[in-house]
2 protein chains.
Amino acid sequence: VFELQDVSKVYPMGDGEVRALDHVDLQIREGEFSAIIGPSGSGKSTLMHIMGFMDQPTSGKVLFDGEDMSRLPSNKRALVRNAKIGFVFQAFNLLPKLSVHENTALPLRYTKTPRKIIAERARAALEMVGLANRGDHSPGQLSGGQRQRVAIARALINEPRLILADEPTGNLDSENAALIMDLFDRLHADGRTLVLVTHDNEVAEHARRQIRVQDGHVH
Amino acid sequence: VFELQDVSKVYPMGDGEVRALDHVDLQIREGEFSAIIGPSGSGKSTLMHIMGFMDQPTSGKVLFDGEDMSRLPSNKRALVRNAKIGFVFQAFNLLPKLSVHENTALPLRYTKTPRKIIAERARAALEMVGLANRGDHSPGQLSGGQRQRVAIARALINEPRLILADEPTGNLDSENAALIMDLFDRLHADGRTLVLVTHDNEVAEHARRQIRVQDGHVH
Ligand SMILES: Nc1ncnc2c1ncn2[C@@H]1O[C@H](COP(=O)(O)OP(=O)(O)OP(=O)(O)O)[C@@H](O)[C@H]1O
Ligand SMILES: Nc1ncnc2c1ncn2[C@@H]1O[C@H](COP(=O)(O)OP(=O)(O)OP(=O)(O)O)[C@@H](O)[C@H]1O
Ligand SMILES: [Mg+2]
Ligand SMILES: [Mg+2]
């Protein structure tokens, strides 16, 4: 599904630089369930943003289903991403002015899916994460863990083949974390490809493969 | 230090209501180290916001050092809070347009402390959390865990008697979490009062007292 070839991401800092990723080679196969682990600031989120083509590498190539994504115009990249990838951001990125229901439905909003189907799917996704009765509230009226669960529901609404989730249980207690991991296990059993970032050892052990990141290097 | 007497917090929801806190009585003694634990959405952050008088209860009283805070005007409450309490928000609440250094120095900005001392204290606080070299960057240029550490540095800069921290290690790997817990242990040994919200069992065991919250009730 994914192949990163000699990818680096470098940011300017005063008179030096921050090498968030440093010559990374990585392949993710169809149907794989992997966990990315590593210290704070080591490059995990940067790696996920590049894999989901939310961010461009400073150098190197990103292949998705064999196609070099940097050759595509940015609107084509967004179409591929929206149709094939569900992304759960570390900071949730919910839109404060939309309701919980509208946030969840967002990935389907710009597709040809009929309104009635979108509403049903949004309700089902919120039910899956235990928040069926909060659709009319705004994200600002939810707790930290509830917002995280809305972000997960949104990422799953268009039934993506590939799910990239950045610390999906970081704000959850053990019961809700177990609920979300059961959900991910079912999606994996269904043949979808999952890549999670986590610093929770129990979550990392769920995955079949652990990818370690340290100072921008991947092992 | 703190006493909550029959405190409730209720939000409207459609034709019903959400009882975030339901007739809570709680005392926190000077020099105590307590952990608040409970499921997502159970009322932990609401409890912390009321304890730090960031939010007003729907009914009941909050006493701080024996004084009823609801009798004070809101600007007086803010002065007491700024001088005596260090607060680490679950969502960090860093100001995006200020630098990391300016964010850290913020609690001292409106006091009579000389500029030179403020700058030294901000550098020392960032050093304590392992981010000495990122003072010139903006919060948007940091990773999730790095932002959390800046929020901790900011909460400690005015050497508050009382520290309220909402999931302070939620975005940290085990090494950085241990660094922050060592810092909290030192502050506790120094005689300060600490109240942490956490769903990490190791962090909860650090505290001398566990306060359980479930559906707005405190046990
Ligand atoms: N402004 C609001 N309007 C309506 N409901 C609210 C509001 N703020 C909080 N709530 C509700 O109050 C309850 C308690 O929220 P709180 O943020 O205290 O939970 P929490 O225990 O901190 O959860 P988490 O572990 O997910 O952070 C939740 O059900 C939440 O949705
Ligand atoms: N826009 C930017 N400008 C400068 N440096 C950046 C920028 N974005 C990220 N970085 C730096 O790149 C490094 C990697 O960041 P990244 O967010 O990938 O870390 P992470 O492994 O996800 O950490 P965490 O576990 O704390 O979320 C960090 O040192 C971070 O400060
Ligand atoms: Mg990250
Ligand atoms: Mg909370």
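Here is how names work: the chains are called A, B, and so on, in the same order as the sequence lines, proteins then strands, and each is numbered from 1.
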For the atom pair [atom1] ([X]) and [atom2] ([Y]), what is the distance rounded to the nearest 0.5 Å?
| X | Y | atom1 | atom2 | value |
| --- | --- | --- | --- | --- |
| B:Ser40 | A:Glu175 | OG | CD | 10.5 Å |
| B:Asn201 | A:Asp173 | CG | CG | 10.5 Å |
| A:Glu167 | B:Leu172 | CD | CG | 9.0 Å |

Please check if atom [atom1] in [X] has more than 12 non-hydrogen atoms from other residues, nucleotides or ligands closer than 6.0 Å.
| X | atom1 | value |
| --- | --- | --- |
| A:Glu202 | CD | no |
| B:Arg209 | CZ | yes |
| A:Glu127 | CD | no |
| B:Gln56 | CD | yes |
| B:Arg208 | CZ | yes |

### Query
Looking at A:Asp136, A:Asn171, A:Leu131, which makes the most heavy-atom pairs under 4.5 Å with chain B?
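It is A:Asn171.
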### Query
So which heavy atom on B:Thr169 is nearest to which on A:His199, and how close?
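In terms of heavy atoms, the two residues are closest at O-CE1, 4.3 Å.
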### Message
Between B:Met13 and A:Asn133, is the side chain to side chain contact (heavy atoms under 4.5 Å, CB included) condition met? List the steps.
### Response
CA-CA 9 Å; B:Met13 178 168 106; A:Asn133 61 341; 3.8 Å; yes
### Query
Checking B:Asn176 against chain A: side chain, backbone, both or neither under 4.5 Å from a heavy atom?
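For B:Asn176, the side chain is the part near chain A, not the backbone.
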### Task
Go through B:Arg134, B:Gln141, B:Gln148, B:Arg147 and name the one with the most non-hydrogen pairs under 4.5 angstrom from chain A.
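It is B:Arg134.
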